[in-house]
Structures are given as structure tokens and as C-alpha cells.
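None of the values given here were measured: they were computed from a predicted structure.
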Amino acid sequence: MSELMRDPLPAPQPDQPAREFGAGPPSAFAPPTPWRRRLQIVGWIVAGLLALLMLVIAWLAVTAPMSRSLKPIAPPSVSLISADGHLIARRGAIIDRPVSMTDLPKHVPQAFMAIEDRRFYSHWGVDPRGILRAAWHNLWSDGSSQGGSTITQQLAKGVFLSSDRTFGRKAREALIAFWLEAWLTKDQIFERYLSNVYFGDNVYGLRAASLHYFNRQPERLTIPQAAMLAGLLKAPSRLAPTTNLKGARTRAALVTQAMVDAGYISKAERNALRPARLDVRETPASTTGTYFADWVLPEARDRAGAVYGAQTIPTTLDWRIQRLAETAIRRAPLGKAEAALVAMKPDGSVVAMIGGKNYRTSSFNRAVQAKRQPGSTFKLFVYLAAFRAGMTPEDFVEDTPITSGTYRPSNHGGKYRGRITLRQAFAASSNVAAVRLTQKVGVDAVIKVARDLGVTAPLTEDLSLALGTSEIPLIELAQAYATVAAGAYPVIAHGLPPEEQGWFERLMSRQRHFSQDELEMIRDLLSSAANRGTGSAAALRTSTFGKTGTTQDSRDAIFVGYAGGLVTAVWVGNDDNTPLPGGSAGGGVPARIWRNFMSGAINEPVETPPEQQDSDLVNAIANVTIEAGLGNMSVGVDEDGMSVNIGPSQLRLPIGQPDAPQLPPAPAAPPPRIAPTQPVDEGVEP
């Protein structure tokens, strides 16, 4: 019997798992190992990234100004444009011949490398180590920042690109840096950099800066001088030694320490150095023709960096409002006195600025550069401190003579009202009430409010602070009142539109808000002062908020307030700090200038102001004091007429009235020609 034939089957392997039913025959090919599969995926990703990188490089090569990188550099110029498109000013630059590396002492380029790019001669245009070091420092620092750009990158940014801070610009900057490194030697790159970088004071290039600040050629610069110039590059306008010698020397000390750290000089050499002394070379004044342009141009220079060629910088100035401000000052009866005005939106955007009656006569900006006593306008901080301490406008304060202590101020004219509310005290600008409130809440609390609202000027730490004895720039006073209009603080005055900030900058610079109660109470007081108190001459048809200020002997007269979304401060005084004629007060000419300007700025109809009176008539003030039974009597003449003050009473004779003034017979029936007595803004009385 034959046996059935069977195909031999492979014996099952002991290490091979049993296959499931229906799985099909086994593959003749070995399955791929996991690491090969991963390698394929990584290869695809790398190929995709390389393709994307090539596309980006191609786009950058087309859009970046590569063709200009090796051509001569055009001189820089900056044009300032108003918010509505008008040209405000155009400025060129102070430049000089390029420098040669072979002619410079070795410590000159070493100073710049030590503080800006210590690995300049070893990197290829971009320094990854420097970028990482700067990022690490900025992450863990207490607010100070470092940059990771190399000297080659700074040259690329400053000369060939715009000043925006986008990723695309940074990528173009790196690409041009590689291009420059490929076509130029290190010394050629350094020469271009030193010959064109911005050093403040509208000065570009090392030679021009050396001559401007030290009146010597760069080939003769000492180590301290080179260190000071190298230190300016961080913030050229802010650190310019002509205006901030202390800051420039502090920065120069950091540069010399960096030179020690880099091994360029020894500690003994550093310790033997003396701070650089200035020898500023006088150059013809380069002015723009407007106070606003002079104020904003340094920041515009810094924002543009060292970008060469024509730069157009937009500003916050409103051309129409600026013209209204000029007209209001021109038509005011100032006589020989000076005036200043600054107007801003509640966010600090300055829309108009007047620094004096005539820019051609004097370019000194009294709205920004001058520091004068604010008088009773400082009481804003006193009353806010009282509200923070829990008081309200309905609370009472004694408006009576202060008879205890070494400091005994008095009210203007010796007039006291007894026990009055805080609202009444603020509207009448009582001096003794402000001092009593300061005694109650403490001088430190008042200073704290002033600092919160943006006042940076030094403040006296005694009770006289309540009466505005510390000198403050007019623009800081306007900033403080702008916080009340905005409902948040601080408000920083600015003439250029704010740059876009990152999340960290926004977090660090965010404003704080007043409580609703504080805001309502201080606005209540400002409304009372501007409509029924010492500032009633400024009252508009729309809601008006403000405060007058008059300093001792009427040396300064001020009105600060806001209405219709615009904050404006007006100052009148003499440059030599002599008293104004006729006992001028903040509720007089400054309040009328404010009203005439604001009515046009916020489009509120107002009667046409009279033409400016003859200056000799305006200044013909009879300051007569007669000792009589009625008390002291003074006679004053201004553009509106004559006023006679007898003790606390006032008699008013407007110009154009043919009849002589008469004393009012009885309170019930005063003659219609006699103006009612208005509260007088109290100045600082000893």
C-alpha cells in the first residue's frame, strides 16, 4: 500500500511568534527597522527646511539693498511731519571726513569693541554667542538690556535699512552683514562704522564727534575720551555730554571696565585714568524754526538710529491746533513778559507747543526747559493725597491764620473764611487750608502723589511744598493734569507716535487707574475752581476743569486744565524771574489765553478776542500803596480797564465806560458798572 505524498513543511521556529489565522503569507522582505524609518522622516524635514531657507534667502536677496552695500554712503537728513501731513522741519547732519584704522591709536577701536562687539575680528558678521549672552542677560536682569548685534550688523542696520524692528528687517540685516564680511576686510567695515555712526547733538561720524566734543582730531583721542564717545552709542541724545555730562561719564566708566575685562588695558591703567573733560567746538546753531521740532528731534534721531539718506518721521503735532496756539499767544496782552503753552491729549500726545513769544528772538523752550514754581496748581497733589487718606470734598478744613509752628503762611490779601469745605478751599485756593491738609496727611504722601502722576523734578520735603515752591517744568504739570483727564497714571508727554511694544514692555509700562471715588472727587474740585473759583475766566460752555497758580510777588502766573478731550497748560512770566506788573495772577491773562485757545481747538464758538493792546499801555501799571484807615490800596491798569483794590474789596472800571466808578452803596443794589469781586488766586506768601 502506497503512502500519501506530503509537501515538507518548515519546522516552526521556536523564537517566531504564531501568526494569526488569515494573516496571509509572510513577506519575503525583512521589515524596516525603526531607526531607518525615523531617519527618513528627519531627512524629509531637513529637505523641507532647506527648501524653505533657500526661498527665504532668495526673497531677502531680492528685497535687501545688497546693491547699495558697497557704494558710498549718502549724508543723513530727517524731516518731521505733523499728524495731518504738514512738513514741520527738515534737518541735515554735522559730518566730517572718514577715519582710517591705520591712523587711529589702538585704544580707540578697542573702546568700541569692548562695549559693542568684543569678538568683532573672529565672527563672520553675526555672533551667536553674543546673541545668546544678551538674551540670557535680558531674561534675568533687573530691567537693563543688552544688544546682541555685532558692529557689522549695526553698520548694515544703520546705513542700509529702515529703523523698524520686524523679523524681516533683522533677517535682512544678518544677510547684509554676511555680504559685507564677504566683500570687505574687517578694517574696512570698522572704518565705515566709525565714520558714520550717530554720536548725539546731530553729529555723525567719529571725526565730527571728536571735534565737536573735544575739539581735537580722532587720531589724538585719549582713552577717557575714546571711552566716552564709545559709550554714547547706547543712547546718543540722552547721554550727549553737552546736556548730560554725569551720565556720559558714568557710561564711559563702564566702557573702561569693559576694556579691562577684554584685556585691552590693565586695572592699574584704568585706575590712573581721569574723566574726560569737554572742549566743545562752537558751531553755527542749527535750528528748526519751531519749539516743538527742537524738542522732538533728538528722539526722532534716536528712533531712526544712524539710518542714512532721507528719513521722514511722523509726529503727534496737529497743524491746526498749533496755529491756534500761536494766535492765542500773539494776541495776548503780554507786554514785555514771556509766555509758554503746551497742549496734549489725555494719553500724552502733544498736539501744540509754544516755548516763547518769538522763536527768532529766543529759541529757549519755556514749556520744556524752564523750571518755575507752579504755585497753587500744585494743590492738585495735596487734595489727591487727602482723598487717598479718606477725606471728601464735603469735609471741613480751617481757613484761619496758622499761629503755631515755625512755618506760618498766609492767604493772599490776608483774607480768611473760617471753617469751610475742601471744595470751597480748593475753589478759593486757600493757602492755609492746603498747608493744614499737608500737615494732616504728611509731606511724604503729597510727594508720593506727585511722583505717581509723573513729576520727576526735585521736591522740597517741608510744608511749603503745599504752596508750589518746588520748581517744575510746565510740561510735567500738564502731564499730571492729563492723568485726571485720562483717569489713569502716569501720562508721559510724547511728540512721536508710540512704537509697538512687546508683551514684556507693555507689562512693565502699564498704567494704574484712579479709584472711581478719587476721580469723581478731584474732578469735582477742578470743576469748581475753573467755573466758580479763581479760574472762572477760563470757563467754556462745555465742561471745564482746571486750576490757577500764582507764585510769590506774581513772578509766575499759570493756568492748567482740560476740556473737550484736550489738556492745556499756560504760563506767563519774566525770564529774569522779576514780578509781573500789576499783581498778575493765573486767573487773569493765562486763563484768558487758555480759553481763547481751547475754544478754537475744541471747536467751541467764542467772541473774537480784541487786538493786542499797546505794550506801553499794558505795562503802565500804577503800583500805589496808601496807608489809610481803609487799609492798603492798590491801583492797576490792564487791557480791560482799571482796578482799585481797597483791603479785600475790589472796584473795577472797564475801558470804554464814560462814567467814573462809584463805591457800591449796599450789597442789595450794586451799580451795574462795577464788576463783582472774584476770588483771587493765592500766591505763595511768607
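Judged by distance alone, with hydrogens and angles left aside, the side-chain atoms of T550 form a donor-acceptor pair with the main-chain N or O of G586 at under 3.5 Å. Without hydrogens or angle criteria, Y407 side chain to V435 main chain gives no donor-acceptor distance under 3.5 Å. Here the side chain of N531 pairs a donor or acceptor atom with the backbone of S527 at under 3.5 angstrom. Formation of a donor-acceptor pair under 3.5 Å by the N411 side chain with backbone atoms of G414 is not found in this model. Between the side chain of N574 and the main chain of T578, a donor-acceptor pair closer than 3.5 Å is present. Counting only distance, with no hydrogens or angles, the side chain of D399 and the backbone of R417 share a donor-acceptor pair below 3.5 Å. With Q511 contributing its side chain and P490 its backbone, the two residues share a donor-acceptor pair below 3.5 Å. A distance-only check finds a donor-acceptor pair linking the side chain of S82 to the backbone of H86 [under 3.5 Å].
Nearest heavy-atom pair, V589 versus A332, reported as atom, atom and distance to 0.1 Å: CG1-CB, 4.5 Å. Closest of all the heavy-atom pairs between L465 and F378 is O-CD2, 3.1 Å. Contact record, A537 with G587: CB-O, 3.5 Å, taken as the closest heavy-atom pair. Closest non-hydrogen pair, D553 versus P579, comes out as O-CB, 2.9 Å. The heavy-atom pair separating L278 from T242 by the smallest distance is CD1-N, 4.1 Å. Of all the heavy atoms in P409 and V432, the pair that sits closest is O-CG1, 3.5 Å.
Residue pairs that meet the salt bridge (charged side-chain N to carboxylate O under 4.0 Å, His left out) test with at least one member in residues 346-368, sequence neighbours left out, are E338-R366, R366-D575. Residue pairs meeting the salt bridge (charged side-chain N to carboxylate O under 4.0 Å, His left out) criterion with at least one member in residues 448-468, sequence neighbours excluded: R388-D452, K448-D452.
With rounding to the nearest 0.5 angstrom, the CG atom of L525 is 10.0 Å from the NZ atom of K547. Once rounded to the nearest 0.5 Å, the distance linking OG1 of T438 with CG of L467 reads 7.5 Å. How far CD1 of I313 is from OG of S79: 9.0 Å, rounded to the nearest 0.5 Å. Here the CZ atom belonging to R331 is positioned 15.5 Å from the CZ atom belonging to R592, to the nearest 0.5 angstrom. Atom CD1 of I321 sits about 8.5 Å away from atom OG1 of T568, to the nearest 0.5 Å. Annotation: the span from Y383 atom OH to D524 atom CG amounts to 12.5 Å, rounded to 0.5 Å.
A search for side chain to side chain donor-acceptor pair (under 3.5 Å) contacts involving Q322 returns E326, not counting sequence neighbours. With sequence neighbours excluded, the residues satisfying side chain to side chain donor-acceptor pair (under 3.5 Å) with H494 are S349. By the salt bridge (Lys or Arg N to Asp or Glu O under 4.0 Å) test, R249 pairs with no residue at all, sequence neighbours left out.
Close placement of the F514 and Y489 rings is indicated, their centers lying within 6.0 Å of each other.
Contact of the Q373 side chain with the E471 side chain is registered, since non-hydrogen atoms from C-beta on lie closer than 4.5 Å. Annotation: side chain of N202 is not in contact with side chain of L297 (no heavy-atom distance under 4.5 Å). With contacts defined as side-chain heavy-atom distances shorter than 4.5 Å, the pair I447/F381 does not qualify. Taking the side chain as every heavy atom from C-beta outward, E604 and T542 approach each other to under 4.5 Å. The shortest side-chain heavy-atom distance between Q552 and T469 does not fall under the 4.5 Å cut-off. A 4.5 Å side-chain heavy-atom check between D318 and D84 finds at least one atom pair inside the cut-off. Taking 4.5 Å as the limit, every side-chain heavy atom of L232 sits out of range of all side-chain heavy atoms of Y198. T316 places none of its side-chain heavy atoms less than 4.5 Å from the side chain of K345.
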Decide yes or no on side-chain contact (heavy atoms from CB on, under 4.5 Å) for V446 and L459, but give the supporting numbers first. CA-CA 10 Å; V446 176; L459 300 175; over 6 Å; no
List the steps, then state whether side-chain contact (heavy atoms from CB on, under 4.5 Å) holds for L540 with I602. CA-CA 10 Å; L540 299 166; I602 65 174; 3.9 Å; yes
Working for side chain to side chain donor-acceptor pair (under 3.5 Å), residues T551 and R555: CA-CA 6 Å; T551 61; R555 299 177 190 275; over 6 Å; no
Report the C-alpha distance between Y359 and Y291 in whole Å, list the side-chain angles of each, state the deciding distance to 0.1 Å, and finish with yes or no for ring-ring contact (aromatic ring centres under 6.0 Å, His included). CA-CA 7 Å; Y359 181 88; Y291 295 103; 5.0 Å; yes
Stepwise side-chain contact (heavy atoms from CB on, under 4.5 Å) test for L422 and L437: CA-CA 9 Å; L422 266 62; L437 289 175; 4.2 Å; yes
Run the side-chain contact (heavy atoms from CB on, under 4.5 Å) test on F292 and N365 for me, step by step, so that the C-alpha distance in whole Å, both residues' side-chain angles and the decisive distance to 0.1 Å come before the verdict. CA-CA 9 Å; F292 176 85; N365 192 337; over 6 Å; no
Which donor-acceptor pairs under 3.5 Å do side chains of residues 479-487 form with protein atoms, sequence neighbours excluded?
| from | atom 1 | to | atom 2 | distance (Å) |
| --- | --- | --- | --- | --- |
| Q479 | OE1 | A493 | N | 3.0 |
| Y481 | OH | T377 | O | 2.7 |
| T483 | OG1 | A480 | O | 2.5 |

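The cationic group of R323 lies under 6.0 Å from the six-membered ring centre of W319 and within 45° of the ring axis, placing it in a cation-pi geometry.
Of the residues listed (V560, L341, T548, T544), the one engaging W594 in a side chain to side chain contact (heavy atoms under 4.5 Å, CB included) is T544, and it is the only one.
Between the side chains of W571 and D556, at least one donor N or O sits under 3.5 Å from an acceptor N or O. A donor and an acceptor atom, one from each side chain of S429 and T534, are nowhere located under 3.5 Å apart.
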